[in-house]
Structures are given as structure tokens and as C-alpha cells.
Amino acid sequence: MVSRRVVRSYQARYSLGANKATINDLTDAIDVHAHARGDDEEEPLHAAQEATRAGWKAILFKGISPGRPWEVARQLQDDVDRWAERQGLRPVKCLPAYIIGIPLKPIDFAHIKAAVEGGVKGVWMPPVTSAWSISRLGGRGNWFDERRRPDEPVPPVVWEEALKTGLYVLDDHGRLLPAIRDTVRLVADHGVTLSFGHLSPQEMDALAEEIGAIGYTRAFLDHPFSEVFELDVPKLTRWADAGVRFALTWDELSPLLGVDPQDMLAAIRAVGPECFMLSSDAGIPLLPPTVEAYRLLAATLRAYRMTEPEIRQVMTGSAKEMLNLSS
């Protein structure tokens, strides 16, 4: 028997004619998780130019060229604005973010505060450098020993070893560290978004409790269908009821993670499209550039019969509200 995944993929291909006029339309798209730091990733100016050509509204750069993210993004915006004016196009808005734990070092609230006051529009909790992620995915050699190479992959390690190497945001009593509680209040006061990163279930529960206690509504969880998190529809619904949004990524549908698109769409509809946003999470040699990755994600959802109102909600509506973009 041919798997349901393969059978459904051919049905999607055969039905493309029904929406061929709109399948690649990315007008007013917002990407809430982009990587473009140059070197081993896409150049940020290239990503911004391609997004401008596609008619995008905004990109939230999780990763951007070295330097203070808010200063790098400000210069990038100036460059894009000048280029777009020459091309007669509307420039995409380039929004910077700050990542706690990249590079891997102890959490420093003073650095987080400087980033938020400097103008970042998003803050990420520890992603691949979290203890949970290291226990599930492994990490880079130099995270475990500075004498090892950063391009030396280390397989997943036991939890006790992961705790020694990675970041964990709870104290010995299971409460959020003071720096993390202060960060939640800081982003709430400044209207900045907050990603849960790759935190463990217990860390996420504590973070969600803190968020709920102060009525903060700009938190989201990246690539919810990744095996890193082990989430299902009931768990997604519980998070959504707590006011958390979810950023879907091309990486989830790519051959690297291999999520079935029909399962993704079914979950979106079960939980509600208003809780989801689209993002690329790409820009590395094993994945397409930012705009192409985003296009593939949106086109796949359209091919699997996501309606145009639904796609506009996940492509623009939810992210525009979360990022407080008035225009």
C-alpha cells in the first residue's frame, strides 16, 4: 500500500490548477523567524531585497549579521530603503531580535535590557543552546569544550550532562530565574515579542504561568510540529487558550524534519488559524533562501486546500497583531 502521505501529495499536485493564480502570492507577508547573518547563512540585504520584490510587509530577523542587532537592522533598513526607492518598490520592514544563549554564555539581564531598549522587536529564549535541546538534539563541539570545533556535531546527551552544558531557566525549586521573570516584564512593558525558544515542557509551563499572570499576549512558540517538543492538538490548544501563538516554518515540511502537510493543516484548523503565523527558519545551504522557503511553505498549505482567508491570516494577520505593525 502507498502511504496516505504520498497519495495526498499527488492529489495536491493534480489540483494545483484551481489556485494557480494565487499560489505564489506573498503580498504583505510577514516572516517572524528569519536567519540571515551572512557567512554560513544568507546575506541580510539579499533576503530584504527579495522580500521587497515579493511585496512583503516585514521580516523579524532572529539572526542577523554580527554586531548589535538593532544597529545592524537600522543600517540594513537604510540600505533597503534606498535600493527600493530606486526600484520603485515598497521596502520591507527589517525588524531585529535578540537571542538569549547565542553565543552560549550565562544569562545576563543587563544585555537583554540593552537590546530591548536599543530597539529589538523580539527576544528568543535559549534555542539550540538550551539544556532541553541539547538533550534532544545534541549540539556543537565547542559548547562542550572550547578546544573543540564549532562544526563538530555532538549527539544528544543525558539530561544531567545537558544541564551542565546548556541553559536552563528554572531554579532548584522549579521557579523562573529572576533574570527571566525580569525579561518577561521588560518585553511586556516595551511591546516586544517573546519566543519560547527550545525550552523544556516544565520551563515552558513556568514561563506561560508568568506570562498569564501579567496578561502578556505577544509570546509564541517556533516550529510546533518539530519532534523537539512532542506537541499534539490538545497541547497546542492548551497553549493557544493561554494566549500563545505558533510560528510555522518551512524547516518542518522540509526533508530534514519531514512533517506531513495534511497533518499540519488539520492541526491549524483544529486549533484555529488566528493562532498561527508563517516563517522561513531557513537561509542555510541545506535549506532554500528566506523568501523561497516562505513561498514553499505558503504554496504547500495552499495546495493542500488552505483557503485564501486562512492563508492571509497565518501569513499576515496574526503576525501583524503580535508585532503591533500598524501599517
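All residue numbers refer to positions in the sequence shown, counting from 1. Only this structure's heavy atoms are used, side chains among them; waters, hydrogens and symmetry mates stay out.
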Item to check | Side-chain touch Leu323/Met277, heavy atoms, less than 4.5 angstrom | outcome: no

Item to check | Donor-acceptor contact below 3.5 Å, side chain Ser226 vs main chain Glu252 | outcome: no

Next on the checklist: The test is side chain to side chain donor-acceptor pair (under 3.5 Å); show your working for Glu274 and Ser318 and say whether it passes.
Outcome noted: CA-CA 6 Å; Glu274 67 280 1; Ser318 300; over 6 Å; no

Checklist entry - Do Ser195 and Leu221 come close enough that some side-chain heavy atom pair is under 4.5 Å? => result no

Checklist entry - Are the charged groups of Asp263 and Arg4 less than 4.0 angstrom apart, N to O? => result yes

Checklist entry - Do any N or O atoms from the side chain of Arg90 and from the backbone of Trp56 form a donor-acceptor pair under 3.5 angstrom? => result yes

Item to check | Short side-chain to backbone donor-acceptor contact, Arg181 and Leu176, under 3.5 Å | outcome: yes

Item to check | Worked verdict on Asp281 versus Asp222 for side-chain contact (heavy atoms from CB on, under 4.5 Å) | outcome: CA-CA 9 Å; Asp281 192 14; Asp222 296 294; over 6 Å; no

Checklist entry - Could you state the interatomic distance from CG (Leu199) to CG (Leu207), rounded to the nearest 0.5 Å? => result 6.5 Å

Next on the checklist: Main chain of Asp28, side chain of Thr316: is a donor-acceptor contact present, judged purely on distance under 3.5 Å?
Outcome noted: yes

Next on the checklist: With a 4.5 Å cut-off on side-chain heavy atoms, are Leu236 and Phe246 touching?
Outcome noted: yes

Item to check | Main-chain N/O of Leu248 paired to Ser279 side chain as donor or acceptor, under 3.5 Å | outcome: yes

